[in-house]
Asks: 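Attaching a single structure in structure tokens format; questions to follow.
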Amino acid sequence: QIQLVESGGGSVQPGGSLRLSCAASGRTFSNYALAWFRQAPGKERDLVAAISSGGGSTHYVYSTKGRFTITRDNAKSAVFLQMNSLKPEDTAVYYCAARYAPGTWYPTRGDEYRSWGQGTQVTVSS
């Protein structure tokens, strides 16, 4: 089982930026597809972005395209989410998730991921 720990959350004004990090340990990181999900109060946990094990394929939900960027550093066993032009509706707890998936495929549903971090709070408010 791979262990995941998120960091980088916080409070920011609308239009601001944050960079989330997720550090992994316990398994060969480069064999895992990774994703960021978020859950707002009273809502379901939704996919934000996903990246394949090698980093060559990425996926974004429509609401984050052009504003968020998912990247990974396999040498450091870490995945990142750069969030720009933040909006109040981006307020949520953000979770890092991993699934053993060597190659170019990445899951897009939460139930396809086997490992989860504890989450980090992002609050966008003036």
Side-chain angles (χ1 to χ4, degrees):
Q1 189 84 345
I2 193 169
Q3 288 81 45
L4 304 169
V5 178
E6 303 97 335
S7 62
S11 296
V12 64
Q13 292 186 340
S17 298
L18 282 174
R19 187 183 191 230
L20 305 183
S21 299
C22 176
S25 62
R27 288 291 185 265
T28 305
F29 183 76
S30 60
N31 286 333
Y32 284 77
L34 299 160
W36 288 95
F37 286 76
R38 65 186 179 187
Q39 187 168 21
K43 296 188 177 181
E44 295 185 351
R45 188 161 54 185
D46 293 324
L47 177 71
V48 174
I51 189 167
S52 61
S53 60
S57 300
T58 57
H59 173 84
Y60 298 91
V61 296
Y62 178 78
S63 61
T64 66
K65 278 184 178 179
R67 299 189 300 123
F68 292 9
T69 303
I70 186 171
T71 57
R72 64 188 295 162
D73 185 338
N74 284 349
K76 296 182 178 180
S77 297
V79 62
F80 309 97
L81 185 68
Q82 177 67 43
M83 304 186 294
N84 299 328
S85 302
L86 283 161
K87 304 175 180 180
E89 51 264 42
D90 295 317
T91 295
V93 177
Y94 283 70
Y95 298 91
C96 176
R99 160 72 184 259
Y100 181 82
T104 58
W105 177 72
Y106 46 76
T108 56
R109 299 199 323 260
D111 61 2
E112 295 178 295
Y113 284 87
R114 300 291 180 262
S115 300
W116 294 84
Q118 82 289 349
T120 186
Q121 176 71 46
V122 171
T123 302
V124 185
S125 173
S126 55

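Quick note: numbers below take in every heavy atom, side chains included, and nothing from hydrogens, waters or symmetry partners. Note that the numbering runs from 1 along the sequence shown for the chain.
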Asks: Heavy-atom distance under 4.5 Å between the side chains of Pro14 and Pro88, does that happen here?
Replies: yes
Asks: Does a side-chain heavy-atom distance below 4.5 Å link Tyr100 with Arg27?
Replies: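 Answer no - side chains too far apart.
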Asks: Quick one: pull up CG in Leu81 and CZ in Arg19 and give me the separation to the nearest 0.5 Å.
Replies: 10.0 Å
Asks: Do Arg45 and Trp116 meet the cation-pi criteria used here (NZ or CZ under 6.0 Å from the six-membered ring centre, within 45° of the axis)?
Replies: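 Yes.
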Asks: Starting at CD of Gln13, measure out to OG1 of Thr123 and round the result to the nearest 0.5 Å.
Replies: 13.0 Å
Asks: Check whether Thr91 reaches the backbone of Val124 with its side chain - one donor and one acceptor, N or O, closer than 3.5 Å.
Replies: yes
Asks: In Å, rounded to the nearest 0.5 Å, how long is the span from CZ of Phe80 to CZ of Arg72?
Replies: 10.5 Å
Asks: Quick one, Cys96 and Val79 - any side-chain contact, counting heavy atoms below 4.5 Å?
Replies: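 SC-SC contact between Cys96 and Val79 confirmed.
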Asks: Can you hop from Val61 to Val93 via hydrophobic side chains spaced under 4.5 Å?
Replies: yes
Asks: Do you know the tightest heavy-atom contact between Ser30 and Asn74?
Replies: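 Heavy atoms only, the tightest pair is CB-ND2, 3.6 Å.
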Asks: Which value, rounded to the nearest 0.5 Å, describes the distance between Leu20 atom CG and Arg38 atom CZ?
Replies: 11.0 Å
Asks: In the single-linkage hydrophobic clustering (I, L, V, M, F, W, Y; side-chain heavy atoms under 4.5 Å), do Phe29 and Ile51 co-cluster?
Replies: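 Result: yes, single cluster for both.
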Asks: Tell me whether Glu44 at atom CD has more than 12 heavy atoms from other residues, nucleotides or ligands lying less than 6.0 Å away.
Replies: no
Asks: Establish whether Leu34 and Tyr106 are linked, either directly or via other cluster members, by ILVMFWY side-chain heavy-atom contacts under 4.5 Å.
Replies: no
Asks: Let me know which of Tyr95, Tyr94, Phe37 forms a side-chain contact (heavy atoms from CB on, under 4.5 Å) with Val48.
Replies: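 Of Tyr95, Tyr94, Phe37, side-chain contact (heavy atoms from CB on, under 4.5 Å) with Val48 is met by Tyr94 alone.
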Asks: Return the minimal non-hydrogen interatomic distance between Pro107 and Tyr113, and the atom names on each side.
Replies: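 Smallest heavy-atom distance, with atoms named: O-OH, 2.7 Å.
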Asks: If you apply the rule side-chain hydrogen bond (donor to acceptor under 3.5 Å, both in side chains), what do you find for Asn31 with Ser53, and how did you get there?
Replies: CA-CA 5 Å; Asn31 286 333; Ser53 60; over 6 Å; no
Asks: Could you please spell out the steps behind the side chain to side chain contact (heavy atoms under 4.5 Å, CB included) verdict for Gln118 and Glu6?
Replies: CA-CA 7 Å; Gln118 82 289 349; Glu6 303 97 335; 2.8 Å; yes
Asks: How many angstroms lie between atom OG of Ser115 and atom CD of Gln1, to the nearest 0.5 angstrom?
Replies: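 Ser115 atom OG to Gln1 atom CD measures 3.5 Å (nearest 0.5 Å).
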Asks: If you measure from CD1 on Ile70 to SG on Cys22, what distance do you get to the nearest 0.5 Å?
Replies: 9.5 Å
Asks: Check each of Val12, Asp90, Val122, Thr64 against Met83 using the side-chain contact (heavy atoms from CB on, under 4.5 Å) test, and report the only one that passes.
Replies: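 Only match with Met83 under side-chain contact (heavy atoms from CB on, under 4.5 Å): Val122.
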Asks: Which heavy-atom pair separates Tyr32 from Ile2 by the least distance, and what is that distance?
Replies: CE2-CG2, 3.9 Å
Asks: Under 6.0 Å between ring centres: does that hold for Phe68 and Trp36?
Replies: no
Asks: For Asn84, does its backbone N or O pair with a side-chain atom of Ser17 as donor and acceptor, under 3.5 Å?
Replies: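 Checked: no pair found.
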